[in-house]
Amino acid sequence: MPVWQILFFVAAMAFLVVMSFWSVKSFRLTPDFTFANWIKMYGAGYFQDTYLRTVLYASLAAAVSSAIAFPCAFGLAFRVSPNVRRLIVFMLMTPYFTSYLVRSYSWKIVLTENGVLNTLFGWIGLGPFDMTSNLFATMVGYLTLILPIVILLQYFSLVNVDRNLIEAAHNLRCGRLRTVFVIIVPAAKIGIILAATFAFILSFGDFVSPSFLGGSKPPTLSILMVDSVKSGSQWPRAAVVALTMVFTLLVVAFAALTLAYGSGKRGR
Amino acid sequence: MGEPLLILDGVSKLYGDVPAVRGIDLRIDAGEFVAIMGPSGCGKTTTLRMLAGLETPSDGEIRLRGRRMNEVKPWDRDTPMVWQSLALFPFMSVLKNVEFGLKMRGLGAAERERRAMGWLERLHIAAYRDRQVSQLSGGERQRVALARALVTEPEILLLDEPMSALDAHLVVHMQSELKQLQEQLGITFCYVTHNQSEAFAMADRVVIMSQGRVQQIGSPREVYRTPATRFVAEFVGANNILPGRVRALSDGLVEVETAFGCLRAKAPADDTPEVGRDVSLVVSADRVVLGREAAAEGNSLPGTLIGEEFVGAVVTLYLDIGRETELRVQTQQHNLDDLDLARGTRLVASWRPEHSVILPEG
Amino acid sequence: MILDRTITLALRFYVALVLLLVFAPILTSFVYSFDANRYAAIPWGGFSTKWYAAAFADPDVAKGFRNTVIVALSSSTIATVIGFATAYTDYRYRFFGKNLYLALALLPPTIPVIILGLAMLVFLAQVGLSGELYTVVFCHVVYCIPFAMALIRLRLSQMDPDLEAAAWNLGAGQWRTLREVILPFTFPAILSALFLTMAVSFDEYAIAWFVSGFNETLPVRILVLLQREVSPKVNAIGSIVFMISMTLVMLAQIALMVRKPRRQAG
């Protein structure tokens, strides 16, 4: 195992770092040690904008998916019989492993100008709405990718909340809604934070939704990176983008873990 | 009798720097039922695991029939074990479980089944041969585990708290059956437990361990009546331990000056303590007799009744004998009928000097 | 408690709604794959299997499908074998640098696939391994190992820790124990890992897109089609892909469930 992972994973990632210092001379990749790629990319306004935009998009996706998922995970954990619960968990696990590509394509059929949703809106006298090639479409795509897993992660932490805790709260005259926010959310904090982190990581690196549903304009980092490789053969610059993304994700993941576990320990 | 079946010679086991077993000497004869007993963490299970080869001694030597066993791998030994968790293979039927040891020894299918069925019948579980382990009750699983271990007809069987998963009402029944089985087979049983009633009910000899050391080895009766150390006195039975100092020696008795007056006890057979030494006097709760007045001879202590506990026909009474010390007294319910007891009743506890022993520690 | 009932019903309705949202694209794709119209709309243009016929007739799709099957079968097999070895090593031994070892095993899926794809492309191009079908296999194995490892490790952690020692105690050597006890015990998880990694590899588009060169796999083919045109052919191919990967994921889950009731009875 270590041999395999070192050969094809660690070496590849390490080489990406090396590559970011290489230069491209007359369309040929040349070993070099230059900061030119880094300076060029970080100095470019469009890169800075794209970086910020991608962070915002991913944060938005994390927030929206968490908000949509919570009532669902909550209902699943507390208001559904165990058998149905098992079935739904089973069902939610499936999409994570089944063609995200085609699923986001399907949304295009639904959302497009003469598509299914606009036809439905037309029947009740609304629209047509422009629902593709914009932020809305991108978000729908992100949700396709992350919603099931966010629900599942939230659900697993909610299900493990000690029921006695909730009964104790009711017993102490804490109302239903208040119990949710005062008792259940803090008790399930780790899972909720992890779910949002996962949502962020997956949306941050996603290429499909912003390009096919969002229409690539304005681009995200992933689109920038893919374009550098596929059309410009600017591998070193793509490496700079990729490394920036990896670094950002590491910082986010670390911050989230600290938030989830670190303060949790102090609280106890 | 010649060489014992199994010898442990100064066996120690360290985990890193932490000693689990510290220099154990033990001889076990063929056909003996030995119980190794002690609180959790005393090293009893580690000792058993060393006998099975699952741990390698850090020091000392283990010899089985004169052969050094320290480096012998677990699968090259014939020391089957009955596990606390039973460790039955969940994906095999009862029969396959029992056949496992024979299969590993390369026996043919027909012979394996014949022998395994023999044991299933002997342990009254032949009807379950094709069941999955999870479909059996606790008692039935116990029998499967026993059959699986015995099927290779070993000279010695290791048992690691095998009854801890059983319901209380099954334990007593299983004990007598296990003891009978051991006597019929003539196999050496080495039985680890933290439960003294289990050990005392079955074992020919008990080994009492604490903090990696052997505290005492002897028959259940010996250990119960003459504890060798303070630890044993506290761990076994219901003993009263009174600190004091040796004042005089006479007629095989030791006179001990305690805070409650002068008490006499039987002198230890091997090592008579010198005058002036700090010792403890131990008397078992069931040796103490209660009365309104002091007995003519022997030890007696006045006290006030402060509590009683009934467990079936046996009563345990607690007597305040001053200096924040309680004396425990165990007796049959009917012995108290004449006494008209109530909390606060003044009573005298007495016992014969030869019923109490001296421990060398203060 | 009427209020309580209302809350329960509302939450259940919401759960159903979200499930519908999650499965809407799958259903849509399936429904419109049989639509005779070129552009998906309401009303439906009538039942037709012509898009399936078109998909099957496309030589690129056929080639992609063949490639995908080859890649999925080989990478899931290799990943499961390595995943088992990794999980067992983790279960059995304590050693220096174990955390690093585990990080190495589990990290890849946390890195965005396109970055993995890029890293593997630049590296493999440099050592002259890129663009072949086996390149895709190598890379998919990296990505699949963690899934296999996690499933098998989970199963091992459910095993009575005495079970292995019990087998030794009854005379089974280490290899024999592996064969007679560990493998049968972990078998459901191994099977599950095989199906799951197959599904993961079968669906993976980004890494394959970067490293496959001219040996396109089916998801890469779909990606290319998506970039080029809106064709209901994609619905047809997508529905087939769904069916296959859904079946694989379900098989993976069923494999794990088979033995559970028996265990829980105890």
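Remember, predicted model here, so these are calculated numbers, not experimental data. Residue numbering restarts at 1 for every chain, and letters A, B, ... go by the order of the sequence lines.
- Contact annotation for residues 38-62 of chain B against chain C (heavy-atom separation below 4.5 Å, listed by residue number): Arg49(B), Ala52(B), Leu54(B).
- Residue Asp160(C) touches chain B through its side chain alone, counting heavy-atom pairs closer than 4.5 Å.
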Begin with the C-alpha distance, continue with both residues' side-chain angles, and end with the deciding distance and a verdict on side chain to side chain donor-acceptor pair (under 3.5 Å) for Gln135(B) and Tyr128(B). CA-CA 9 Å; Gln135(B) 297 169 311; Tyr128(B) 307 134; over 6 Å; no
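- For chain B, the nearby parts of Glu180(C) are the backbone and the side chain; heavy atoms of each come within less than 4.5 Å.
- Both cation-pi conditions hold for Arg155(C) and Phe185(C): the charged atom is under 6.0 angstrom from the six-membered ring centre and inside a 45 degree cone around its axis.
- Under the 6.0 Å cut-off for aromatic ring centres, Phe30(C) and Phe242(C) do not qualify, their centroids lying 6.0 Å or more apart.
- In this structure, chain C has no heavy atom under 4.5 Å from any part of Leu102(B).
- Between Phe33(B) and Phe189(B), the ring-plane angle classifies as tilted under the 30° and 60° cut-offs.
- Among residues 67-76 of chain B, the residues having any heavy atom closer than 4.5 Å to a heavy atom of chain C are, in sequence order, Pro74(B), Trp75(B).
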Take Leu5(B) and Glu155(B) through the test side-chain contact (heavy atoms from CB on, under 4.5 Å) and record every step on the way to the result. CA-CA 9 Å; Leu5(B) 175 69; Glu155(B) 283 183 298; 3.9 Å; yes
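- At distances below 3.5 Å, not a single donor-acceptor pair connects side-chain atoms of Ser245(C) with backbone N or O atoms of Asp203(C).
- In this structure, Glu113(B) pairs ionically with Arg129(B), as a charged nitrogen and a carboxylate oxygen lie closer than 4.0 Å.
- Considering only heavy atoms from C-beta on, Thr177(C) stays 4.5 Å or farther from Gln174(C) through its side chain.
- The 12-atom threshold is not exceeded at CZ of Phe96(C), counting heavy atoms of other residues, nucleotides or ligands nearer than 6.0 Å.
- Looking at Leu8(B), Ile7(B), Asp9(B) one by one, the single match for side-chain contact (heavy atoms from CB on, under 4.5 Å) with Val11(B) turns out to be Leu8(B).
- In this structure, Glu204(C) contributes its side chain and Ile207(C) its backbone to a donor-acceptor pair below 3.5 Å.
- Interface remark: Thr79(B) contributes backbone and side-chain atoms alike to the contact with chain C (heavy atom separation under 4.5 Å).
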